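What follows is one structure encoded as structure tokens, with my remarks underneath.
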Number of protein chains: 2
Amino acid sequence: MELTNKIAAIPLFNGLPLKQHENLAAIAVQKTFKRGQIIFSEGDEGIGFYIILSGRVKIFKLSAEGKEQIFHIMESEEPFGEATVFAGEHYPASAQALVETKVLLFPRQTFVDLISKNPSLALNMLAFLSSRLRTLASLVEDLSLKEVPGRLAAYLLYLSDRNKGATILELDISKNQLASLLGTIPETLSRIFNRMGKDKLIKTTPRHIHILDHQGIVQLACGRKRLA
Amino acid sequence: MELTNKIAAIPLFNGLPLKQHENLAAIAVQKTFKRGQIIFSEGDEGIGFYIILSGRVKIFKLSAEGKEQIFHIMESEEPFGEATVFAGEHYPASAQALVETKVLLFPRQTFVDLISKNPSLALNMLAFLSSRLRTLASLVEDLSLKEVPGRLAAYLLYLSDRNKGATILELDISKNQLASLLGTIPETLSRIFNRMGKDKLIKTTPRHIHILDHQGIVQLACGRKRLA
DNA sequence: ACTTATGCTTGACTTAAGTCAAGGCGCAAC
DNA sequence: GTTGCGCCTTGACTTAAGTCAAGCATAAGT
């Protein structure tokens with residue numbers, strides 16, 4: 001059946017026996033969210049966790065004054081809302097569909113039952129939570145120990161890596177969103193793009209960023225160099 | 001045997017059959033670290049994870065210029081270095097004993113073997129990683145969305161909560177360490193203590209902090225109020 | 001007791017980044 | 001088309017927090 005095949009393709013469920021893929025398909029609930037729709041809000045009761053089938057979702061928190069910090073932007077086959085399954089009653093952050101998005105929802109208790117009978121699923125989940133922990137730790141590091149130019153440089157390197165070391169990068173999120181992801185505001189981000197251009201580290205065209213001095217960007221990201 | 005009893009008392013191992021406590025005791029390695037000693041450094045190969053038997057450990061990262069961000073300060077029965085067991089080859093941060101500290105080291109592969117045979121251990125570990133994830137998310141929130149006074153206020157509330165709502169708090173870490181934990185520097189922290197005193201929110205004596213206006217501190221922590 | 005650290009505070013100054021306000025560009029809708 | 005609306009940029013200004021430097025107090029070592 002089609003759903004079972006989709007589930008079999010999800011990295012989190014890698015290496016599970018067919019039988020388990022069928023069990024997962026049996027408890028999963030398909031949902032669709034429109035562009036801009038809130039999937040859950042910080043503080044909502046945690047009903048389960050999600051896996052993206054198609055589309056794009058951002059996980060974020062808002063400050064009292066309305067400033068937004070994006071934690072992750074996730075795409076196909078990535079899970080979110082997972083921490084609430086195993087600890088805590090409420091979602092610690094909000095999730096919003098950035099485009100039309102299809103997800104699978106795995107209800108909390110049924111998923112816990114399943115996992116407690118499947119050590120390899122448990123190990124996959126442990127690996128996933130661990131790598132999520134690393135991502136968050138590096139976000140803390142960036143926010144606390146680097147200035148905005150360093151964070152942007154690190155993000156450009158991440159993009160470049162993700163595209164097999166490409167030197168021409170396409171921004172897949174708006175610069176406003178990127179500012180939120182880097183823990184700053186659009187005005188500051190814009191000025192820093194500008195300065196990086198003047199320093200001949202990058203060249204920006206409307207929708208692309210051309211990396212001119214990869215080594216220089218590495219140094220900026222590690223705090224071994226500053227913009228003029 | 002004594003070690004088995006100690007292990008049985010560790011929350012992470014709650015609810016496991018006696019047999020498993022014995023298995024854990026069999027693979028655990030006891031180690032002792034002196035005050036100030038580095039347990040592992042960021043980038044070191046991950047040999048396993050630790051549980052504190054006695055003492056105190058800080059988990060931190062350093063910036064290129066030497067600024068420190070403390071992620072956690074951990075005490076008896078708390079695990080650390082756990083993310084590396086399930087994902088990644090190297091420790092993402094450093095660990096240092098703040099006082100003479102005894103730990104148990106669980107070597108990576110043996111622990112993974114054990115966990116893959118024990119769903120309830122796996123679930124305990126999942127719950128622990130999830131709550132660690134929440135802690136980190138709230139650190140990100142604090143760093144990115146709150147100013148230093150708000151972070152300090154949140155920390156004071158955390159201390160007060162931990163002591164059953166006490167209004168007289170004893171600082172169990174130095175103010176320098178507290179500054180690192182809040183993502184700032186001692187000078188700034190000192191000035192903010194000062195301002196909170198002037199606003200009659202707290203009264204500080206050399207080693208204690210007296211909470212005068214709990215409600216005011218809550219508002220400060222939520223960004224609904226600012227210091228004069 | 002004297003000296004040396006160490007931790008903490010204070011003051012004067014600098015700076016990164018945020019706020020506020022205005023304007024331009026590009027795209028979609030009417 | 002042209003109108004309008006996000007998205008992005010720019011300039012002038014403010015501000016939170018960091019840097020540098022000095023001073024003091026407590027605790028520790030000889």
Side-chain angles (χ1 to χ4, degrees), chain A residues 35-36 58 62-70 98-99 142-153 170-199 202-209 220 223 225-228, chain B residues 35-36 58 62-70 98-99 142-153 170-199 202-209 220 223 225-228:
Chain A
R35 173 190 158 93
K58 78 172 175 199
L62 296 175
S63 76
E65 302 85 37
K67 189 188 167 192
E68 174 189 83
Q69 172 67 47
I70 297 180
L98 292 179
V99 296
D142 286 357
L143 289 173
S144 166
L145 302 176
K146 289 179 186 164
E147 317 196 317
V148 183
R151 287 179 233 162
L152 175 55
E170 192 176 346
L171 269 193
D172 53 357
I173 53 177
S174 79
K175 291 187 177 168
N176 281 352
Q177 299 278 290
L178 179 55
S180 276
L181 193 57
L182 299 179
T184 185
I185 54 172
E187 291 95 322
T188 298
L189 181 62
S190 178
R191 290 182 235 269
I192 287 169
F193 267 122
N194 204 325
R195 287 204 278 157
M196 286 179 74
K198 281 184 188 148
D199 282 14
I202 57 173
K203 214 171 86 179
T204 56
T205 63
R207 203 92 209 142
H208 293 89
I209 297 163
L220 189 59
K225 160 172 177 164
R226 337 191 71 219
L227 289 178
Chain B
R35 172 192 159 94
K58 78 172 174 198
L62 296 175
S63 76
E65 302 86 35
K67 189 188 168 192
E68 174 189 82
Q69 172 68 47
I70 297 180
L98 292 178
V99 297
D142 286 357
L143 289 172
S144 165
L145 268 18
K146 289 179 185 164
E147 316 194 317
V148 183
R151 288 179 234 162
L152 175 56
E170 191 176 346
L171 270 193
D172 53 357
I173 54 176
S174 79
K175 292 186 177 170
N176 282 352
Q177 299 279 290
L178 179 55
S180 276
L181 192 57
L182 298 180
T184 185
I185 56 173
E187 292 95 320
T188 298
L189 182 62
S190 179
R191 289 183 238 268
I192 287 168
F193 266 124
N194 204 325
R195 286 205 277 159
M196 287 179 74
K198 281 184 186 147
D199 282 15
I202 58 171
K203 214 170 86 179
T204 57
T205 63
R207 204 93 209 142
H208 293 89
I209 297 163
L220 189 58
K225 161 170 175 167
R226 336 190 71 218
L227 289 177

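In what follows, chains carry the letters A, B, and so on, assigned in the order in which the sequence lines appear, proteins first and then strands, with residues in each chain numbered from 1. As the structure is a prediction and not an experimental result, all values here were calculated from the model.
Put simply, CG on A:L171 and CD1 on A:I209 are 4.0 Å apart, with the number rounded to the nearest 0.5 Å. A distance of 8.5 Å separates CG in A:N176 from CD in A:E187, rounded to the nearest 0.5 Å.
Residue contacts shown for B:R226 are limited to sugar-phosphate atoms, with no base heavy atom under 4.0 Å away.
Among all heavy-atom pairs drawn from B:L145 and A:S63, the shortest one is CG-CB, 3.5 Å.
Of the candidate nucleotides D:dT9, C:dT10, D:dA17, C:dT10 has the atom nearest to the side chain of B:S190. Checked against D:dG18, C:dC8, C:dT19, the side chain of B:N176 finds its nearest nucleotide in C:dC8. For B:K175, whose side chain is taken as the heavy atoms from C-beta onward, the closest listed nucleotide among C:dA17, D:dT9, C:dC8 is C:dC8. Listed candidates were D:dT9, C:dA17, C:dT9. Nearest to the side chain of A:T188 is C:dA17.
Dashed line: the shortest gap from a side-chain N or O of B:R191 to OP1 or OP2 of D:dG18 is not under 4.0 Å. The phosphate of C:dT10 has OP1 or OP2 within less than 4.0 Å of a side-chain N or O from B:N194. Phosphate proximity of D:dG18 to B:T184: present, with a side-chain N or O under 4.0 Å from OP1 or OP2.
Rounded to whole angstrom, the span from the CD1 atom of B:I185 across to the C1' atom of D:dG18 amounts to 5 Å. When the P atom of D:dC8 is taken as reference, atom CG of A:L178 falls 9 Å away, rounded to whole Å. Atom pair A:R195:CZ and D:dG11:P shows a separation of 14 Å (rounding to whole Å applied). Between B:E65 atom CD and D:dC20 atom C1' the separation is 16 Å, expressed in whole Å. To the nearest angstrom, P of C:dA5 lies 16 Å from CZ of B:R35. In this structure, A:K146 places its NZ atom 21 Å from C1' of D:dA17, rounding to the nearest Å. Computed from coordinates, the A:E187 CD to C:dA16 P distance equals 18 Å when rounded to whole Å. Residue B:L152 contributes atom CG, which lies 14 Å from atom P of C:dC8 at whole-angstrom precision.
In A:R226, the CZ atom is not crowded: 12 or fewer heavy atoms of neighbouring residues, nucleotides or ligands sit closer than 6.0 Å.
In terms of modelled atom types and a separation under 3.5 Å, the side chain of B:Q69 and the main chain of B:L181 share a donor-acceptor contact.
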